[in-house]
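Before any comments, here is the structure.
Since the model is a prediction, treat every value here as computed from it, not as a measurement.
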Amino acid sequence: MTGPGALQRLTRPVQQWTPPLDSGQLATVLNRLRGWTAFDGGTLLGDVAAALDDVPPAEGDTAPLAERLRGHLARLVTIAVASEADQDTTAAQLALLARTLQTEPLPRERRAATAHLRRLGWTANELHDLLTALRCLKEAA
C-alpha cells in the first residue's frame, strides 16, 4: 500500500526485555520494603528528651530506650550518607560517633548506663539538628 494515508512499517530487530533483578533480588527488595518504617522525628525527639531528662528513666525502661536510640542513630547515619551530608566535617564526625555508640553495649551499672543513654541521646539530637539545618530532614515540630 503506497498512498497518502498509508503507514510504513519499519522492521528492526528488538532485543527481548530482561528484568534488572532476578527473583531472589526482588524478594530481598520486597522484604526490605515490608520491614521499612518511615522516619518519625517526633518519636526521636521524645526518646532524646527521655534520655536527657534530669530524672533518668526507670531501670526497666533503660535497655528499651537505648535500643530505640541506637535505631534512631542508625537511621540518621543512613540519611546522612544517602544525602551526602557526611561530606560536611561536623556531620561526618557525628556519624562516626553514632556508629561507635551503636556498637557499645549498655553498661550494667545504673550510673554508667544513664551516662551512656545521655551520650546516645545527645548524639541523636545533634545529628538530627544538623541534618535539619543541612536540609536533609524537614524541621521537626
Side-chain angles (χ1 to χ4, degrees), residues 1-110 112-141:
M1 219 190 219
T2 59
L7 293 175
Q8 181 181 1
R9 291 198 176 261
L10 298 176
T11 54
R12 186 173 83 182
V14 177
Q15 290 182 7
Q16 183 176 352
W17 179 81
T18 56
L21 302 174
D22 64 29
S23 62
Q25 292 168 320
L26 284 173
T28 299
V29 169
L30 179 61
N31 288 334
R32 287 184 178 175
L33 285 172
R34 285 181 175 157
W36 178 80
T37 56
F39 175 74
D40 184 355
T43 300
L44 175 138
L45 293 176
D47 288 342
V48 165
L52 299 179
D53 197 341
D54 289 338
V55 177
E59 198 164 337
D61 296 336
T62 302
L65 178 57
E67 194 59 35
R68 288 194 309 274
L69 287 167
R70 285 187 191 102
H72 295 311
L73 287 172
R75 184 163 284 173
L76 290 170
V77 168
T78 299
I79 291 168
V81 170
S83 64
E84 297 181 355
D86 62 341
Q87 301 300 314
D88 176 89
T89 305
T90 305
Q93 289 171 344
L94 285 170
L96 179 61
L97 178 58
R99 287 183 178 124
T100 302
L101 287 172
Q102 284 178 273
T103 61
E104 290 181 7
L106 184 65
R108 292 179 186 237
E109 197 271 316
R110 179 97 169 112
T114 300
H116 184 69
L117 273 181
R118 292 186 192 285
R119 284 191 301 275
L120 288 168
W122 180 88
T123 305
N125 188 59
E126 291 298 308
L127 189 52
H128 176 264
D129 287 352
L130 182 60
L131 291 175
T132 301
L134 293 173
R135 298 180 185 248
C136 300
L137 293 172
K138 291 184 180 179
E139 193 169 342

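- To the nearest 0.5 angstrom, D129 atom CG is 6.0 Å from E126 atom CD.
- Taking all atoms of both residues into account, the shortest heavy-atom contact from R110 to P56 is NH2-CB, 4.1 Å.
- Contact record, L65 with P57: CD2-CG, 3.9 Å, taken as the closest heavy-atom pair.
- Minimum interatomic distance between L127 and A98 (heavy atoms only, all atoms of both residues): CD2-CB, 4.5 Å.
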task = Would you check, one step at a time, whether the test side chain to side chain contact (heavy atoms under 4.5 Å, CB included) holds for V48 with L69?
result = CA-CA 8 Å; V48 165; L69 287 167; 4.3 Å; yes

request  = Just do the side-chain hydrogen bond (donor to acceptor under 3.5 Å, both in side chains) check on R119 and T100 with the steps written out, would you?
outcome  = CA-CA 11 Å; R119 284 191 301 275; T100 302; over 6 Å; no

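- Of the possible donor and acceptor atoms, one in the side chain of N31 sits under 3.5 Å from a partner among the backbone N and O of A27.
- Atoms CG and CD1, from L137 and I79 in turn, are 5.0 Å apart once rounded to the nearest 0.5 Å.
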request  = Any chance you could lay out the side chain to side chain contact (heavy atoms under 4.5 Å, CB included) test for H72 and T43, step after step, and finish with the verdict?
outcome  = CA-CA 9 Å; H72 295 311; T43 300; 4.1 Å; yes

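- Here CG of L101 is found 9.5 Å from CH2 of W122. Values are rounded to the nearest 0.5 Å.
- Annotation for Q25 and L21: closest pair OE1-CA, 3.3 Å, computed over non-hydrogen atoms.
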ask   = Stepwise, does the side chain to side chain contact (heavy atoms under 4.5 Å, CB included) test hold for L76 with L94?
value = CA-CA 10 Å; L76 290 170; L94 285 170; over 6 Å; no

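- Note: D53 CG to R118 CZ = 7.5 Å, rounded to the nearest 0.5 Å.
- A distance of 11.0 Å separates CG in L130 from NE2 in H128, rounded to the nearest 0.5 Å.
- Between L134 and Q87 the shortest side-chain heavy-atom distance does not fall below 4.5 Å.
- To the nearest 0.5 Å, atoms CG (D47) and CG (N125) are separated by 12.0 Å.
- Heavy-atom minimum distance, A113 versus T62: CB-CG2, 4.2 Å.
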task = Assess whether side chain to side chain contact (heavy atoms under 4.5 Å, CB included) is satisfied between L106 and R70, documenting all intermediate values.
result = CA-CA 11 Å; L106 184 65; R70 285 187 191 102; 3.9 Å; yes

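- More than 12 heavy-atom neighbours from other residues, nucleotides or ligands sit within 6.0 angstrom of CD on E109.
- Looking at every heavy atom in both residues, L131 comes nearest to A85 through CD2-CB, 3.6 Å.
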